[in-house]
Amino acid sequence: MDDTHSHRFTRLLSTMAVTAAIVASTALSGGGIASAAPPTPTQKLCGQAGDNPKTDSRLWLWGQVKNTTPKKPGSNLEVVQPAGQVQPNPKKPKYYAVRHGGDSKGVDDDFLIVPTNRVRGIECPYLWDGSQLNLWSAGWWQGGKRVAKDPAKPLAIGVNSAEKRGQDQLHIHLAQVYPGTLRDLKAISHPETSLFNWRKTDVVLDVDPAKTSNPNHQKHFHVVKYTGALPDLFKVLHGQMAVGDDIGKYSIAVVDAGQPNTYFVLASTPTLGGGKDTGTGLMDQIYAWVHK
């Protein structure tokens with residue numbers, strides 16, 4: 001090989017090496033080549049940061065919180081880095097956004113908190129792997145600040161099942177409880193008090209007739225009357241799932257029990273109670289919203 005061909009061959013090898021390095025770097029940094037890779041099973045359940053709200057109306061809420069920060073809250077009331085919680089990764093702090101909801105004509109009875117990282121909903125494994133904020137304690141604190149005070153309709157917060165929700169970005173509703181639901185909760189004569197037995201309970205509660213076609217507007221719920229610091233209920237419920245159970249079918253709610261640090265903790269699925277609609281995946285049914 002003469003010198004000219006030798007130099008050309010050397011340049012070709014160098015070019016190939018640089019190209020390979022760029023491809024590898026792009027893949028590792030989440031560039032175009034990596035984004036073309038099929039999502040992992042966990043990403044299918046949780047979504048990916050690059051999911052596009054412009055091509056899917058169920059991602060509208062994701063578009064409102066994506067890339068927001070406490071200094072750049074976008075359309076949200078605020079974006080919060082909670083001071084009272086230990087961050088899962090202090091070097092990459094997690095935030096949540098606080099927003100007005102869109103389900104009620106009432107005044108200060110309809111808010112949301114939404115994580116600003118990509119989490120589709122209750123089915124996402126990130127919610128019990130230790131990588132997320134405790135959004136239940138955050139939601140209770142925000143609800144106590146923002147939701148209008150009414151002894152007949154105290155604070156209730158909740159999340160809907162994968163099937164029944166309208167948006168595929170996790171959001172916890174901050175609302176007031178429907179008075180009939182509160183009445184039946186308070187009437188439980190010997191409520192279960194241990195969250196370890198949460199799924200072993202079955203209680204029938206009155207729900208808002210405007211939110212159900214069930215003629216007697218009653219539904220079955222797992223109910224615990226719990227006293228203490230509000231734990232991460234996603235982790236608690238997931239810890240009670242048997243093999244083959246689908247946490248995505250569940251809705252969860254917390255209702256003020258009227259005593260210090262005491263809550264009624266609810267969970268339900270549509271088939272709880274033995275029928276197709278005897279329970280619910282839609283905790284909207286227990287809120288006292290003024291309907292549009």
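- Both Trp136 and Val236 are part of a single hydrophobic cluster, where members link through side-chain heavy atoms under 4.5 Å apart.
- Atom CG of residue Asn117 and atom CG of residue Leu170 lie 9.0 Å apart, to the nearest 0.5 angstrom.
- Residues Gln142 and Glu78 share a closest heavy-atom pair of NE2-OE2, 3.6 Å.
- Residues Tyr263 and Trp140 bring their aromatic ring centres within 6.0 Å.
- For the pair Lys145 and Trp141, the distance from NZ or CZ to the six-membered ring centre is under 6.0 Å and the angle to the ring normal is within 45 degrees.
- The cluster map of Ile, Leu, Val, Met, Phe, Trp and Tyr, joined by side-chain heavy atoms under 4.5 Å apart, puts Tyr126 and Val65 in different clusters.
- Between the side chain of Thr269 and the backbone N or O of Tyr250, no donor-acceptor pair lies under 3.5 Å.
- Screening His190, Glu192, Gln259 for a side chain to side chain contact (heavy atoms under 4.5 Å, CB included) involving Lys225 leaves a single residue, Gln259.
- For the pair Asp51 and Arg118, the salt-bridge criterion is met [side-chain N within less than 4.0 Å of a carboxylate O].
- Here the closest non-hydrogen pair linking His173 and Leu112 is ND1-CD2, 3.3 Å.
- In this structure, the separation between NZ on Lys66 and CG on Leu59 is 9.5 Å, given to the nearest 0.5 Å.
- Of the residues listed (Thr278, Thr212, Asp206, Thr280), the one engaging Lys219 in a side chain to side chain donor-acceptor pair (under 3.5 Å) is Thr212, and it is the only one.
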For Ser251 and Ser268: C-alpha separation, side-chain torsions, deciding distance, then whether side chain to side chain donor-acceptor pair (under 3.5 Å) applies. CA-CA 5 Å; Ser251 56; Ser268 190; 5.1 Å; no
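- Note that OH of Tyr287 and OG of Ser104 are 12.5 Å apart. Values are rounded to the nearest 0.5 Å.
- If you take CZ on Arg99 and CD1 on Ile113, they are separated by 13.0 Å, rounding to the nearest 0.5 Å.
- Inspection of the Thr262 and Thr227 side chains reveals an N or O donor paired with an N or O acceptor under 3.5 Å.
- For the side chain to side chain donor-acceptor pair (under 3.5 Å) test with Asp245, the passing option among His238, Arg199, Gln240 is Arg199; the others fail.
- Criterion: ILVMFWY side-chain heavy atoms under 4.5 Å apart, direct or through other members. Under it, Leu282 and Val204 are not part of a common hydrophobic cluster.
- Using a 4.0 Å cut-off between charged nitrogen and carboxylate oxygen, Arg165 and Glu123 count as a salt-bridge pair.
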